[in-house]
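To start, the structure itself, in structure tokens.
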Amino acid sequence: MIRLGVNIDHVATVRNARGGTHPDPVGAALLAAMHGADGITAHLREDRRHIRDEDMQRLRRELTVPLNFEMGATEEMVGMACALRPHACCLVPERREEVTTEGGLDVAGQMNDLRGKVARLKDAGIRVSLFVDPDPAQIEAAAAIGGQVVELHTGAYAHDDGEAEFRRLFAGAQAATANGLELHAGHGLTYANVGRVAGLPGLKELNIGHFLIGEAIFSGLPAAIARMKQEIATGALFRAVVR
């Protein structure tokens, strides 16, 4: 079974638009876990544009499913993660001016800096994932610095839906397996495009947020999660049949 991690960042975006406490992203996380989410992802950005420090603390206290702390590879965030000790951390590139994460982390170009941070997180008992483009060189670098997981950035495929981008994802999946890394994927995934990604060889987890929170406005979060899990299961079944 492919796990579904639900990213609750944009529940916090709506809350912060009015500056109050509603809607509560932690409440959304608990509801998601109650209705089939296998884990919860939250990205604590440097500028705190959506998730806040206190949200992370409450998530760590209240969740009964794994918490994935998505974060920039900064000293501040590594220190916070080591104190919080979530189940997992996913290191992502982060620029203040971007609307959302626009590409994968340049692991190959930052190996010396990232190696020590990965080691500190692992020493704290945290599973370390690196969010990368489906580039074999980046995946090999992730393994070389001690990463345990790579999450393939699916944004280019989601926006293009073309054969060339899917071939890149497929090659990235093969490279992850060849380098002994657990394979995750995410970014820009919808009901319409998630099935093919779910068919990638060796895939263990998908992390999806913006689309699910948007769909929840119309159908409710439990129904949105149920539909997404069905689309994922159908894609994974197709992979098994093809094999």
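These numbers come from a predicted model, not from an experiment. The residues of the chain are indexed from 1 along the displayed sequence.
Contact record, Gln57 with Leu84: CA-CD1, 4.0 Å, taken as the closest heavy-atom pair. The two residues Ala173 and Leu200 come nearest to each other via the heavy atoms CB-CB, 4.3 Å. The minimum heavy-atom distance between Gly147 and Leu130, with the atom names listed, is CA-CD1, 3.8 Å. Pairing each heavy atom of Asp113 with each of Ala73, the nearest pair is OD2-O, 4.3 Å. Of all heavy-atom pairs spanning Val65 and Ala37, the tightest one is CG1-O, 4.0 Å. The minimum heavy-atom distance between Pro86 and Ala81, with the atom names listed, is CD-O, 3.4 Å.
The salt bridge (charged side-chain N to carboxylate O under 4.0 Å, His left out) contacts involving residues 176-191 comprise Arg3-Glu182, Arg127-Glu182, where partners must be two or more places apart or lie in separate chains.
Using a 4.5 Å heavy-atom threshold, the side chains of Asn207 and Asn7 count as separate. With contacts defined as side-chain heavy-atom distances shorter than 4.5 Å, the pair His153/Val132 does not qualify. Residues Ile51 and Glu70 fail the side-chain proximity criterion, which asks for heavy atoms closer than 4.5 Å. The side-chain heavy atoms of Asn179 and Glu140, taken from C-beta on, include a pair separated by under 4.5 Å. For the pair Leu91 and Ser129, the minimum side-chain heavy-atom distance is 4.5 Å or more. Taking 4.5 Å as the limit, every side-chain heavy atom of Met228 sits out of range of all side-chain heavy atoms of Leu189. Proximity of Pro93 to Phe131: side-chain heavy atoms (C-beta onward) are separated by under 4.5 Å at one or more points.
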Cut-off 3.5 Å, no hydrogens considered: what does the side-chain donor-acceptor table look like for residues 103-110, sequence neighbours left out?
unit_1, atom_1, unit_2, atom_2, d
Asp106, OD1, Gly109, N, 3.0
Asp106, OD1, Gln138, NE2, 3.0
Gln110, NE2, Asp106, O, 3.3

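Summarising the local packing, CZ of Arg18 is surrounded by 12 or fewer heavy atoms from other residues, nucleotides or ligands at distances under 6.0 Å. More than 12 heavy atoms of other residues, nucleotides or ligands lie within 6.0 Å of NE2 in His35, so this atom counts as buried by the packing criterion.
There is no path of hydrophobic side-chain contacts, each under 4.5 Å, that joins Val118 to Val149. Residue Met34 is not grouped with residue Val26 when hydrophobic side chains (ILVMFWY) are merged at heavy-atom distances under 4.5 angstrom, including chains of intermediate members. Note: the hydrophobic cluster containing Met80 also contains Leu59 (ILVMFWY, side chain heavy atoms under 4.5 Å, direct or indirect links). Hydrophobic clustering (side-chain heavy atoms under 4.5 Å, transitive across Ile, Leu, Val, Met, Phe, Trp, Tyr) keeps Val14 apart from Ile213.
Note: Glu205 CD to Cys90 SG = 9.5 Å, rounded to the nearest 0.5 Å. Atom CG of residue Leu63 and atom CG of residue Leu30 lie 6.0 Å apart, to the nearest 0.5 angstrom. How far CG of Leu206 is from NZ of Lys229: 11.0 Å, rounded to the nearest 0.5 Å. Atom CG in Leu152 sits 5.0 Å away from atom CG in Leu183 (nearest 0.5 Å). Remark: His87 NE2 to Arg60 CZ distance equals 10.5 Å, nearest 0.5 Å. Atom NE2 of residue His10 and atom CZ of residue Phe211 lie 14.0 Å apart, to the nearest 0.5 angstrom.
In terms of modelled atom types and a separation under 3.5 Å, the side chain of Thr74 and the main chain of Met77 share a donor-acceptor contact. Judged purely by atom type and a 3.5 angstrom limit, Asp135 uses its side chain to pair as donor or acceptor with the backbone of Ala137. Checked by atom type and distance alone, the side chain of Lys117 never pairs as donor or acceptor with a backbone atom of Val78 at under 3.5 Å. Under the 3.5 Å distance criterion, the side-chain polar atoms of Gln148 are matched with a main-chain donor or acceptor of Val128.
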Pair Arg45, Asp9 - check salt bridge (Lys or Arg N to Asp or Glu O under 4.0 Å), show working.
CA-CA 10 Å; Arg45 283 181 169 267; Asp9 289 354; over 6 Å; no
_Assess the residue pair Glu215 and Thr190 against the criterion (side chain to side chain contact (heavy atoms under 4.5 Å, CB included)); give the C-alpha distance rounded to whole Å, side-chain angles, the decisive distance to 0.1 Å, and a yes or no._
CA-CA 10 Å; Glu215 284 299 301; Thr190 69; over 6 Å; no
Report the C-alpha separation of His184 and Glu151 in whole Å, then their side-chain angles, then the decisive distance to 0.1 Å, and conclude whether the side chain to side chain donor-acceptor pair (under 3.5 Å) test is met. CA-CA 4 Å; His184 300 178; Glu151 181 168 335; 4.8 Å; no
Could you check Asn68 against Thr41 for side chain to side chain donor-acceptor pair (under 3.5 Å), going step by step and ending with a plain yes or no? CA-CA 5 Å; Asn68 178 34; Thr41 292; 3.0 Å; yes
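Using a cutoff of 4.0 Å between basic side-chain nitrogens and carboxylate oxygens, Arg120 and Glu75 are scored as salt-bridged. Between Arg48 and Glu54 there is no salt bridge, since no side-chain nitrogen of the basic residue lies less than 4.0 Å from a carboxylate oxygen of the acidic one. By the 4.0 Å N-to-carboxylate-O rule, Arg168 lies too far from Asp160 to be salt-bridged with it. Under the 4.0 Å criterion applied to side-chain N and carboxylate O atoms, Asp47 and Arg49 are assigned as salt-bridge partners.
Using cut-offs of 30° and 60° for the angle between ring planes, the His159 and His187 rings count as perpendicular.
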